[in-house]
J.: 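Take this structure first; my questions come after.
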Amino acid sequence: MKNPDQVVIVGGGTAGWMTASYLKAAFGDRLSVTLVESDKIGTIGVGEATFSDIRHFFEFLDLKEEDWMPACNATYKLAVRFEDWREPGHHFYHPFEQLSSVNGFPLTDWWLHSGPTERFDKDCYVMASLCDAGRSPRYLGGSLLEHDAVDSDDEPVGMTMSEYQGRTQFPYAYHFEAALLAKYLTGYSTDRGVRHVIDEVQDVLLDERGWIDHIVTKDHGEISGDLFIDCTGFRGLLLNKTLDVPFVSYQDTLPNDRAVALQVPLDMQQRGIRPCTTATAQDAGWIWTIPLFGRIGTGYVYAGDYCTADEAERRLREFVGPEAEDVEANHIRMRIGRSERSWKNNCVAVGLASGFVEPLESTGIFFIHHAVEQLVKYFPGGDWQPKLREGYNAAVANVMDGVREFLALHYRGAARNDTPYWKDAKTRPVPDALAERFERWQVQLPDSESVFPYYHGLPPFSYMCILLGTGGLRPSPSPALALTDDTAVRKEFAAIRDKARSLVDTLPSHYEYLAAMRT
Ligand SMILES: Cc1cc2nc3c(=O)[nH]c(=O)nc-3n(C[C@H](O)[C@H](O)[C@H](O)COP(=O)(O)OP(=O)(O)OC[C@H]3O[C@@H](n4cnc5c(N)ncnc54)[C@H](O)[C@@H]3O)c2cc1C
Ligand SMILES: N[C@H](Cc1c[nH]c2cc(Cl)ccc12)C(=O)O
């Protein structure tokens, strides 16, 4: 049987173009790729914050920051800043920074036992101070902040994210304009031979086995292929609608099903650019603020059961202020959960068509990146070995199920309890295993033995951060610490404080660095 070498991607949002460019970088001319996108059906238009792992994607495509960042109005993201999840006026950071251990216990455990200040994030991580001070993670000459992160030379190349996990924690991710990244990747892909068809898919035809034979477009007729990739967003045109793969909802655990978004131009030189995404808790959800070079992307993610679209838009405009007056709002309905399996027969869904777990912690683009890595790893041969599909489906399902747990911790852990939405957050159904984990984490901080047991992109120290920052579950320190010598830990807290101070004093501002990149 012929090896599948004709790929047809339907959809030209972030998922479609990331998939096209990654497949070209992986397989070159040995694979023919056609991407069909409609110019009548818009992309989702949001999706601007990432995981630090995304650098592996750009490296795989052999793209340097100087190449793509200015073209996409990109900025650095050192952390997510959570505001008001515990109480009004409180904030903490979830940073891209490895947590240190002393005498076999994580520093956060020592902090619970005898932290020097009220701020666990500032005591345990240098990134919290850099975020508060609005610093760039790089010096003006381009070198990375003095930190145990690597600057690529000694790094293994070609590893997937799951293989890489547990190695060096890179200190930052990016924010970028989704539409500009799609445009940039369009150029990258078409330069490398991807056929770009702008048209609407009107029908998807199956053969006698129930596999996709071809798609029917409005103006370009039939397009055949061996493997079809569904990047049609929440529509799920190929996988869900045509191949009838059911959608498994997560909404019982994660009730936010709507968002309203604004793109607000701002004078960043005057205001400065925060090097982090901000997630500010609201009466029926939370508002994201993503700083880009020249504007912010912002939106209220909320549960339709607790707030109307008008109320959400009003609240968002009030939150942003007068700069938002003339900006048009984009109202979005979200499908929360995942396809029962993302690969059926000769169709693989990537992006929102595969699944989505609300934007908290910015996991959508990470899911796409993970999916394309796994697709290359499990790429089918002429015999379409079912075990390859099964391997792919398990990896993709595990990533989303794991992230679902991580996000559920934010709501269950939030001390905020002042509206029906936040009160109900404490009693929402969660998987049994997660309910047990919540109990265990109150007496022993999350570790690799007690978090979701399959790769899902989040290390145990991320769970610790959310648990300590949100403040509602009140974990206790390990009793053993009372019997353990703490000389070394006092030195570690002092070293972090000194290092943070020195970095804040020497690093340029985030704006200054990005402006210099454009000269
Ligand atoms: C409110 C919100 C905030 C988010 N924030 C983040 C974030 O900060 N970070 C992050 O990582 N992720 C985020 N995401 C997720 C992120 O936006 C998506 O993962 C990403 O944009 C991928 O979308 P997509 O390409 O799958 O779908 P879409 O952008 O919806 O693209 C669908 C494509 O399919 C095409 N199409 C559909 N039907 C047809 C047809 N019949 N014929 C031809 N073409 C068709 C459309 O034209 C379009 O090109 C967010 C999502 C939402 C809803
Ligand atoms: N896969 C890791 C996961 C990770 C580690 N720290 C953070 C912080 C935030 Cl805000 C998101 C993800 C992670 C990575 O991409 O760095």
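Counting starts at 1 for both ligands and their atoms, in listed order.
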J.: At a 4.0 Å threshold, what atoms of ligand 2 neighbour a non-hydrogen atom of V80?
T.: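 Result: 10 (Cl).
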J.: Could you identify the single nearest non-hydrogen protein atom to atom 11 (C) of ligand 2 and state the distance to 0.1 Å?
T.: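 Looking only at protein heavy atoms, the one closest to atom 11 (C) of ligand 2 is F96 CE2, 3.4 Å.
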J.: Would you indicate which of C231, S354, G45 comes nearest to atom 32 (C) of ligand 1 when only heavy atoms are counted?
T.: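 Residue with the shortest heavy-atom distance to the ligand atom: C231.
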J.: State plainly whether the residues D310 and R258 are in salt-bridge range, i.e. N to O under 4.0 Å.
T.: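 Salt bridge absent between D310 and R258.
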J.: Quick one: look up the protein heavy atom nearest atom 3 (C) of ligand 1 and list residue, atom name and how far away it is.
T.: P359 CG, 3.4 Å
J.: Tell me whether the centres of the aromatic rings in Y174 and F176 are closer together than 6.0 Å.
T.: no
J.: May I ask you to check whether K77 has an N/O atom sitting below 3.5 Å from an N/O atom of ligand 2?
T.: no
J.: When you measure from atom 15 (O) of ligand 2 to every protein heavy atom, which one gives the shortest distance, and what is it?
T.: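 Protein heavy atom at minimum distance: D53 OD2, 2.9 Å.
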J.: Does T280 have any side chain to side chain donor-acceptor pair (under 3.5 Å) partners at least two apart in sequence or in another chain, and if so, which?
T.: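 Residues passing side chain to side chain donor-acceptor pair (under 3.5 Å) with T280: E83.
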J.: Do me a favour and list the nearest non-hydrogen protein atom to atom 26 (O) of ligand 1 with residue, atom name and distance?
T.: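 Ranking protein heavy atoms by distance from atom 26 (O) of ligand 1, first comes L352 N, 2.9 Å.
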J.: Is it true that the NZ or CZ of R55 lies under 6.0 Å from the centre of F170's six-membered ring and within 45 degrees of the ring axis?
T.: yes
J.: Would you mind listing which atoms of ligand 2 come within a distance below 4.0 Å of any non-hydrogen atom of S462?
T.: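 Per the distance check, 5 (C), 6 (N), 7 (C).
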J.: Contact between C465 and ligand 2, counting heavy atoms under 4.0 Å?
T.: no
J.: Please confirm whether the ring centroid of Y184 lies under 6.0 Å from the ring centroid of W68.
T.: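 No; W68 has its ring centre 6.0 Å or more from that of Y184.
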J.: Answer yes if the ring centres of F406 and H456 are under 6.0 angstrom apart, and no otherwise.
T.: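 That pair fails the under 6.0 Å test.
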J.: Atom 44 (N) of ligand 1: which of G12, G47, S38 has the nearest heavy atom?
T.: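 Checking each option, the heavy atom nearest atom 44 (N) of ligand 1 is found in S38.
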J.: Can you confirm, on distance only, whether ligand 2 has an N/O atom lying under 3.5 Å from any N/O atom belonging to S52?
T.: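 Yes, at least one N or O pair falls under 3.5 Å.
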J.: Does an N or O from E97, backbone or side chain, lie closer than 3.5 Å to an N or O of ligand 2?
T.: no
J.: Is it true that S462 and H94 share a donor-acceptor pair across their side chains at a distance under 3.5 Å?
T.: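 Indeed, the side chains of H94 and S462 share at least one donor-acceptor pair under 3.5 Å.
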J.: Tell me the nearest of V36, I336, I41 to atom 47 (O) of ligand 1, using heavy-atom distances.
T.: I41
J.: Parallel under 30°, tilted from 30 to 60°, perpendicular over 60°: which one fits the rings of F92 and F82?
T.: parallel
